[in-house]
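Heads up, the thing below is written out as structure tokens.
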Amino acid sequence: MPHDISLIATITMGFVLALLGGLLASKLRLPPLVGYLLAGVALGPFTPGIVGNADVASQLAEIGIILLMFGVGLHFSIKDLMEVRAIAIPGAIAQIAVATGSGLALALLWGWGIGAVLVLGLALSVASTVVLLRALEQRNTLDSANGRIAVGWLVVEDLAMVLALVLLPALAGALGGDARGVAAQFTGGSLVTALLFTMAKVAVFVGLVILVGTRVVPWLLLTVARTGSRELFTLSVLALALGIAYGSAELFGVSFALGAFFAGVVLSESDFSHQAAADSLPLQDAFAVLFFVSVGMLFDPGILLRQPLAVAAVLLLIVFGKSIAAFAIVLLRGYPVATALVVSASLAQIGEFSFILAGLGVTFGLLPPEGRDLILAGAILSIMLNPLVFACIDPLLAWFRARPRLTAFLERPGDGFSTPVDRSEETGLRDHAIIVGYGRVGEIIGDALRAQKLAFVVIDENRRLVEKLRKQGLTAIYGDATAAGVLEDAGVTSARLLIVAIPQGFLKRRIIELARGANPQIDTAVRTHRASELAYLKDQGIGIAIMGERETAFGLLRYALSSLGLPDDRAQAIIQSARMAGEGGAFERETDIELPEAPPELREHREE
């Protein structure tokens with residue numbers, strides 16, 4: 001019986017081409033996002049070969065938007081924003097105004113309508129948080145003062161774009177587009193009334209989410225968590241994200257993106273936020289890939305040949321116009337040149353919000369298809385150039401430092417706002433332990449070391465966990481231990497012991513290599529899950545490697561032998577022999593334990 005497989009075909013081709021494109025981009029030292037977009041271009045109707053189903057891809061993209069915005073809300077931190085509010089809030093608003101005004105000038109020059117002018121200006125004003133976070137992680141500056149200012153700046157931009165997503169449908173009719181939705185039906189096209197009606201709906205929605213959601217969501221997650229089922233917990237997180245997003249669109253007429261964002265914000269305040277983020281991350285990543293693939297499918301590469309000057313103008317505005325404006329704004333607020341360069345490089349690209357705004361503009365008849373193509377071209381090219389822009393920071397900083405008079409003039413005191421304390425300073429400890437990964441395993445180790453007043457440093461990729469540990473007085477560093485400088489910040493050169501408690505095998509090897517490169521004498525203890533990995537670690541001469549499943553069996557065996565009457569030294573020797581003879585469990589350096597001679601009663605028992 002024939003049936004439609006367009007959904008399966010689109011997902012399969014999207015993932016396969018995205019994988020190939022992402023691998024190629026990584027080999028070229030570009031963000032994988034570039035590969036995903038180019039995979040969509042290859043799958044789209046404007047290039048020869050396989051053509052995916054655009055309608056199916058569009059719906060998959062909506063799920064991607066929901067999960068993407070849910071993740072943004074889940075990691076949204078008012079505390080982090082307030083720490084850098086002195087520069088992030090006024091700076092982002094001023095930069096949005098300058099960039100939007102520049103985009104307006106371009107669009108007016110091309111003879112576009114007021115609606116297209118506004119959409120283009122807004123789309124070119126907001127940078128990609130995904131691209132920025134990746135760039136800062138690679139440079140190990142995400143948790144630095146400059147990195148936090150850049151992230152806070154983009155958070156303000158994201159909030160401004162969320163507001164734009166709310167108001168754009170209400171303003172569509174007045175801006176020359178298609179007036180749709182509940183607001184248009186009940187207001188008769190009046191601009192002021194439509195705005196008031198839209199803001200009232202959003203206020204009711206936000207009020208319900210905050211008042212009801214903050215009570216119902218934690219209770220629901222607690223109820224599901226008590227079942228002990230991980231599948232049900234993951235299902236509940238996804239149901240909340242998709243359910244709130246869909247309900248907000250159907251009942252209040254707000255966008256999926258806004259509903260998903262507030263679902264994440266509500267969930268971020270619960271005690272289950274860390275687990276929710278971890279469980280939803282795989283699906284969030286997968287559908288975000290499909291979102292970028294679907295965006296690429298909409299892009300007509302012919303725009304590069306038909307309107308090269310327009311593409312060049314858009315790219316120059318993104319890479320140079322926004323950066324220069326941000327550089328000037330940061331300096332005017334009294335911050336150093338180094339901070340201005342980091343913020344400028346962070347804003348020299350556009351991404352996911354620009355795609356969402358462009359799609360919304362085309363849907364409401366505000367933006368012509370060529371405008372969307374120009375935005376997509378600017379996004380793809382600016383993201384490809386962004387690593388190069390970041391690479392220019394150090395040479396430019398050196399250039400400014402070689403000219404102290406110019407630097408002193410540029411860094412003249414502004415409004416007296418101080419730069420946040422840099423959290424990535426070195427520990428100053430000696431002969432301490434470094435624990436990489438502070439999950440269930442790492443936390444047990446850390447608690448025991450703390451009880452014995454032994455010094456240790458934690459490295460973890462969970463930002464909120466790191467903040468919590470710092471409040472407890474522990475030395476904790478946020479970041480990937482394989483990233484440049486993270487182990488150095490943990491004082492690896494003066495550390496005595498490295499404890500790798502993360503599950504990912506491919507990262508463990510790199511962490512050990514980096515640690516030994518910086519400190520050849522450092523002792524190592526590693527958690528592992530595979531016998532083959534255990535053999536590799538043994539060959540590397542590490543201190544101890546433990547495979548959890550077999551160690552559990554050995555613990556039970558030791559109790560069984562003791563219960564059956566064997567003396568402790570005999571039981572310990574049997575277990576150690578089993579460790580060394582089996583296919584894994586634990587490898588420990590210098591553990592040659594001779595098996596004591598069996599008591600007569602046991603020899604007789606075996607002979608029988």
Worksheet item: Could Asp300 and Arg306 be called an ion pair, given the rule that one side-chain N must be under 4.0 Å from one carboxylate O?
Response: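 Looking at Arg306 together with Asp300, the answer is yes, because their closest N to O distance falls below 4.0 Å.
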
Determine the minimum heavy-atom distance between [X] and [Y], stating which atoms define it.
| X | Y | answer |
| --- | --- | --- |
| Ser346 | Phe390 | OG-CZ, 3.7 Å |
| Pro368 | Leu366 | CD-O, 4.0 Å |
| Lys322 | Leu124 | CD-O, 3.0 Å |
| Ile350 | Ser382 | N-OG, 3.5 Å |
| Val293 | Leu43 | CG1-CD2, 4.2 Å |
| Val319 | Ala348 | O-CB, 3.8 Å |

Using modelled atom types only, decide if a donor and an acceptor are shared between the side chain of [X] and the backbone of [Y] within a distance under 3.5 Å.
| X | Y | value |
| --- | --- | --- |
| Asp460 | Tyr438 | yes |
| Glu370 | Ile303 | no |
| Asp373 | Pro301 | no |
| Lys508 | Arg527 | yes |
| Gln349 | Ala379 | no |
| Thr47 | Ala42 | yes |

In Å and rounded to the nearest 0.5 Å, what is the [atom1] to [atom2] distance from [X] to [Y]?
| X | Y | atom1 | atom2 | answer |
| --- | --- | --- | --- | --- |
| Leu23 | Leu19 | CG | CG | 4.5 Å |
| Leu376 | Leu381 | CG | CG | 10.5 Å |
| Tyr246 | Ile63 | OH | CD1 | 12.5 Å |
| Ile375 | Leu357 | CD1 | CG | 8.0 Å |
| Leu235 | Leu240 | CG | CG | 9.5 Å |
| Leu385 | Ile318 | CG | CD1 | 10.0 Å |

Discussion item. Would Ile502 and Ile511 count as a side-chain contact (heavy atoms from CB on, under 4.5 Å) here? Give the steps.
Written reply: CA-CA 11 Å; Ile502 58 175; Ile511 291 169; 3.6 Å; yes

Is there a side-chain contact between [X] and [Y], using heavy atoms and a 4.5 Å cut-off?
| X | Y | answer |
| --- | --- | --- |
| Met297 | Val41 | no |
| Leu38 | Val34 | yes |
| Leu367 | Trp112 | yes |
| Trp110 | Leu374 | yes |

Worksheet entry | Phe364 vs Val119, side-chain contact (heavy atoms from CB on, under 4.5 Å): CA-CA, chis, key distance, verdict | CA-CA 11 Å; Phe364 283 93; Val119 172; over 6 Å; no

Discussion item. For Phe355 and Phe292, take the angle between the two ring planes, folded into 0 to 90°, and tell me which bin it lands in: parallel under 30, tilted 30 to 60, perpendicular over 60.
Written reply: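 Taking Phe292 first and then Phe355, their aromatic rings stand perpendicular (interplane angle over 60°).
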
Discussion item. Using the rule given for side-chain contact (heavy atoms from CB on, under 4.5 Å), can you reason through Met161 versus Ser354, listing the C-alpha separation, both sets of side-chain angles and the distance that settles it, and then say yes or no?
Written reply: CA-CA 9 Å; Met161 292 308 111; Ser354 304; over 6 Å; no

Worksheet item: Should Ile114 and Leu118 be marked as a side-chain contact (heavy atoms from CB on, under 4.5 Å) after you check the CA-CA gap, both sets of side-chain angles, and the distance that decides it?
Response: CA-CA 6 Å; Ile114 186 62; Leu118 181 61; 5.6 Å; no

Practice prompt. Please indicate whether Phe15 has more than 12 foreign heavy atoms, meaning atoms of other residues, nucleotides or ligands, lying under 6.0 Å from its CZ.
Written response: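 Yes, because the 6.0 Å sphere around CZ of Phe15 holds more than 12 heavy atoms from other groups.
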
